[in-house]
Amino acid sequence: MTEQSACKIAQPRLQIALDTTDMPSALRPLNAAIDQIDVIECGTILIIAEGLRAVREIRALYPDKTILADVRIAEAGALIARNCFEAGANWVSVVAGASLTTVEQVVKVADEFGGEVQIELGEDYDAAKARKWKELGAKHVIVHRSRDAEVAGTLTWGPDDVERIRELHAMGFTVTVTGGVNVKDLPFFAGAPVGVVISGRGIVKADDPLAAATELKATIREVWPD
């Protein structure tokens, strides 16, 4: 794929990551920013704290929105995936270290519900394994800076990340970027085939979540113009 054709891909969707420890602190920013949000992530921390109640309640509030249950499946794939989809999730996440058998089980359940599977990459990247995920039916991958490394200030975006995004997109994946992404980071990805941009604390912790989400969407439109 040439850089010119990559620039013509659809604008990335904006995903809010709800990684709070209770429902009220998740719903306040979500309800405020919802008009600018394309994908709602019920984050790992929220689901640990509140269980799949989080997915059920947000599905009831926003029946037409895409919801990710970010459960980071490592094993027991069919059981966990089924519970997530029955709760109302559209997407579920699987860690890159999960076995191919687990990925296959999750994809099979996802297909029953018309759902989709997202693989969360670690710091190590195995292109051959990624191709196997695609063959099994996974549709999304996440390229990210780790939460801990980003907080510590020891990890930044670089050319290798863009190269990885391009390679994964060429395999047929929708590529999500996450890890403290803000409006200053977005121009770095200009021309890269990013499918989804995740913002967590940038929206959730903002004094004005709607203003923060609106600024992100406006910047996405600038960086990836029609």
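Just so it is clear, the structure is predicted and the values come from calculations on it, not from any experiment. Quick note: residue numbers are just sequence positions, from 1.
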Inset, instruction - Please lay out, stage by stage, how Val204 and Ile16 fare under the test side-chain contact (heavy atoms from CB on, under 4.5 Å). - result: CA-CA 8 Å; Val204 173; Ile16 185 172; 4.1 Å; yes

What's the separation between atom [atom1] in [X] and atom [atom2] in [Y], rounded to the nearest 0.5 Å?
{"X": "Arg201", "Y": "Asn182", "atom1": "CZ", "atom2": "CG", "result": "10.5 Å"}
{"X": "Lys139", "Y": "Gln118", "atom1": "NZ", "atom2": "CD", "result": "13.0 Å"}
{"X": "Arg13", "Y": "Ile198", "atom1": "CZ", "atom2": "CD1", "result": "11.0 Å"}
{"X": "Glu41", "Y": "Leu68", "atom1": "CD", "atom2": "CG", "result": "5.0 Å"}
{"X": "Ile37", "Y": "Leu210", "atom1": "CD1", "atom2": "CG", "result": "9.0 Å"}
{"X": "Leu168", "Y": "Thr174", "atom1": "CG", "atom2": "OG1", "result": "11.0 Å"}

Inset, instruction - Assess the side chains of Thr66 and Asn90: does a donor N or O sit below 3.5 Å from an acceptor N or O? - result: no

Inset, instruction - Examine the side chains of Arg72 and Ser93 and answer whether a donor and an acceptor come within less than 3.5 Å of each other. - result: no

Looking only at non-hydrogen atoms, find the nearest pair between [X] and [Y] and report the distance.
{"X": "Met171", "Y": "Lys134", "answer": "O-CG, 3.5 Å"}
{"X": "Ala87", "Y": "Val55", "answer": "O-CG1, 3.6 Å"}
{"X": "Leu121", "Y": "Ala96", "answer": "CA-CB, 4.0 Å"}

Salt bridge [X]-[Y], side-chain N to carboxylate O under 4.0 Å:
{"X": "Glu50", "Y": "Arg53", "result": "yes"}
{"X": "Arg131", "Y": "Glu167", "result": "yes"}
{"X": "Asp38", "Y": "Lys217", "result": "yes"}

Inset, instruction - Could you check whether the rings of His140 and Trp91 sit parallel, tilted or perpendicular, using 30° and 60° as the cut-offs? - result: tilted

Legend entry - Under 3.5 Å donor-acceptor, Lys65 side chain and Ile58 backbone: no

Inset, instruction - Could you tell me whether a side-chain N or O of Arg59 sits under 3.5 Å from a main-chain N or O of Pro63, the two making a donor and an acceptor? - result: yes

Legend entry - ILVMFWY network linking Val39 to Phe173, side-chain heavy atoms under 4.5 angstrom: no

Inset, instruction - Following the transitive rule for hydrophobic clusters with a side-chain heavy-atom cut-off under 4.5 Å over Ile, Leu, Val, Met, Phe, Trp and Tyr, establish whether Phe113 and Leu79 coincide in one cluster. - result: no

Inset, instruction - State, with a plain yes or no, whether a side-chain heavy atom of Val196 is found less than 4.5 Å away from one of Pro12. - result: no

Inset, instruction - Flag the pair Leu30 / Ile203 as yes when at least one side-chain heavy-atom distance between them is below 4.5 Å, and no otherwise. - result: no

